[in-house]
Amino acid sequence: MNRPARPTPAVFYPAAGAIAVFVVIAVVATDAMSRVVTTLQSEVIGVFGWYYVLIVAGFVVFAIWMGLSRYGDIVLGPDDEEAAFRLPVWFSMLFATGMGIGLVYFGVAEPLSHFVSPKPGVTGDEPSLAQAAMGQTYLHWGFHAWAIYVVVGLAVAYAVHRKGRPVSIRWALEPLLGDRVKGWLGNLIDVVAIVGTVFGVATSLGLGVLQISAGLGYLDVVEPSLGLQIGLIAAITAIAAISVASGLERGIKWLSNGNMVLAAVLAAAVLVLGPTLFLLREWVQSFGYYFNNVVRLTFDTLAFRGEEGLAWESGWTIFYWGWWISWAPFVGVFIARISRGRSVREFVLGTLVVPMLVTTVWFGVFGGAGLHQEMTRPGSMLDGDAVNTDTAMFQLFDALPGGSVMAVVAIVLVVVFFVTSSDSGSFVVDMLANGGNPNPPLWSRLSWAILEGLVAIALLLAGGLQALQTAAILIALPFSVVMIAMCAATLRALGDEHRAILRAERRAARRELEERVASRVTESVTESLAAQGAVPVPGPEDGAAEASRRPGRFGRRGRPGSPG
């Protein structure tokens, strides 16, 4: 009889304990936690902002290099294994990973925010400001985000599918650390990955609840408040816990796929009911602007803009880089699991290109529609003199036919994203806490789902959106070190394997050459001796005569029982 799975004590309890302590402190000493968040936002993040910019740029270079290098033909699995999913299915699953609460929350709000309150140093007329706003948004959601996921996903996929290791972050570092991944260092790596993932998921849940409460206020259902937001987190976390307990993975799968269709329908509705021709032209133009300016935008730290530049950078670009890094264990494990049988080149190019295209289309439609509305009707997308990120999407719907219906659809989207993110996030975290066991115990999976909801509540109590942003950035700091080590480990592993492949190919080529030379020498010697008469050259008649004289299997005449 199989024994029930148990969590790894040296991973599960330290990670769960650290998260629980944070929740207790945030609830019991809310004011003190708020002051700590404010201090960290202004002090610590300012010190490490340049570091995030540099390492994320390095991850982009690493990802592209892996996809285009000589290692691209290495298969993530046995050499002769077919891909686990057909290409269209794999692309659709990558698309599903690219969608989430963040896109719904920032789809309208981010380009509009950059337009109304431009990045320090960005000046010009309205068209110039709008174009810069779209380019900056594409930077935050484009190649850089997915390059971060490639780093983790490729390292995990190689360890799991090529080397047969458990689904755990520690094994991705085995080429670098060797047997040390089995001890305390491996436990520490998994603890860091778990804490980072929980806070990353909690950040998304917090953003989602802010938008849900704003949407309910827009529909005049209830007045938005902190109490409402906490109640929503509790209620939706309970739904996620029920989905975990019931084991309805098939139902959640269909619900998630249905949500993707719903998101596509919502985007199509905005495209058709909004300024269609403008949105199509704007997407093409913004795509070109992004590619033309991506290097300059990547390394722009606003160093000469003083405190204003630092505040803007920490609130936007650095927040995003930290958020993506904190999500990297979750998303990396997911895309690794669905990519068995893909080559390194297919994995990298598919993961970079497909989600990037989806997100730029989403922002091109929603962000472009919001910008068009504000440029043609100044002030219609503002709350006073600023953009309200919680309500921006609903303000856009208010200007379109059927706005109330689209608002309801958007709320449903966020709720389902909330449930599926919490469910799948807790599953991945629980695998990490159980040494890579793909069937972790139900009670521990429920524990992580509840902890994610509690962390989201704690962050809202500690300062709302600012606390969510600060937590994402700070929690990502230790895991960024793990990611740098992952790059080195992946490079070493692929390099060793490529050299082994070359040695095997050289040995095979040498054997083939030796056999060919031996054959040619034998033929040459035989022909030479035959020409000198030393060796008779057998003809067809000689061969037939020899065959008739040679005793057969059944005797000379080939009849059964004939004497030899």
Side-chain angles (χ1 to χ4, degrees), residues 62-90 154-165 171-172 174-176 178-179 336 339-351 487-564:
F62 174 82
I64 296 175
W65 180 24
M66 288 294 99
L68 301 179
S69 71
R70 58 188 178 180
Y71 310 132
D73 294 330
I74 295 176
V75 178
L76 299 173
D79 288 330
D80 56 350
E81 184 169 0
E82 296 291 331
F85 298 96
R86 292 182 298 108
L87 200 61
V89 176
W90 186 59
L154 181 59
V156 173
Y158 182 85
V160 173
H161 301 316
R162 190 74 176 177
K163 296 300 182 182
R165 300 294 188 251
W171 292 107
E174 186 183 19
L176 194 65
D179 288 341
S339 298
R340 183 179 181 88
R342 295 283 167 198
S343 69
V344 170
R345 183 169 293 111
E346 287 176 324
F347 177 89
V348 172
L349 297 182
T351 304
C487 291
T490 302
L491 186 59
R492 171 176 290 186
L494 293 179
D496 290 345
E497 179 150 350
H498 182 70
R499 285 188 289 273
I501 292 172
L502 289 181
R503 286 194 295 269
E505 290 176 348
R506 284 195 293 267
R507 286 194 297 268
R510 189 180 300 115
R511 285 194 300 268
E512 183 179 355
L513 179 61
E514 290 172 352
E515 292 172 0
R516 191 175 300 173
V517 169
S519 176
R520 292 294 298 273
V521 169
T522 302
E523 291 177 3
S524 177
V525 170
T526 302
E527 291 174 358
S528 177
L529 293 175
Q532 298 173 11
V535 177
V537 180
E541 298 81 1
D542 298 326
E546 176 67 20
S548 66
R549 290 193 299 271
R550 187 182 304 117
R553 178 180 177 185
F554 301 111
R556 285 191 177 90
R557 299 182 182 274
R559 294 193 302 272
S562 298

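Because only heavy atoms are used, hydrogens play no part in the values below, and waters and symmetry mates are left out as well, while side chains stay in. In this text the structure is predicted, and so the values were computed from the model without any measurement.
Checked against side-chain contact (heavy atoms from CB on, under 4.5 Å), Leu491 has the following partners two or more places apart in sequence or in another chain: Trp65, Met66, Tyr71. Taking the salt bridge (Lys or Arg N to Asp or Glu O under 4.0 Å) definition, one finds that Arg507 meets it with nothing, sequence neighbours left out.
One N or O on the side chain of Arg345 and one on the backbone of Ser69 form a donor-acceptor pair closer than 3.5 Å. Counting only distance, with no hydrogens or angles, the side chain of Arg342 and the backbone of Phe85 share a donor-acceptor pair below 3.5 Å. No donor-acceptor pair closer than 3.5 Å links the side chain of Ser519 to the backbone N or O of Glu515. In this structure, the side chain of His161 does not engage the main chain of Val75 through any donor-acceptor pair within 3.5 Å. A side-chain donor-acceptor contact under 3.5 Å links Thr522 to the backbone of Ala518.
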Start with the C-alpha distance between Arg499 and Asp496, add both sets of side-chain angles, then the distance that settles side-chain contact (heavy atoms from CB on, under 4.5 Å), and finish with yes or no. CA-CA 5 Å; Arg499 285 188 289 273; Asp496 290 345; 2.5 Å; yes
Using the side-chain contact (heavy atoms from CB on, under 4.5 Å) rule, take Tyr158 and Thr490 through it: C-alpha gap first, then chi angles, then the decisive distance, then the call. CA-CA 8 Å; Tyr158 182 85; Thr490 302; 5.8 Å; no
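Salt-bridge formation is detected for the pair Arg516/Glu512: a Lys NZ or Arg NE/NH1/NH2 atom is positioned less than 4.0 Å from an Asp or Glu carboxylate oxygen. The residues Lys163 and Glu174 are annotated as not salt-bridged, no charged nitrogen and carboxylate oxygen being separated by less than 4.0 angstrom.
Residue Arg340 is tested with Glu346, Glu82, Glu81 for a salt bridge (charged side-chain N to carboxylate O under 4.0 Å, His left out); the sole match is Glu81.
You'll find the side chain of Val160 stays beyond 4.5 Å of the side chain of Leu76, heavy atoms only.
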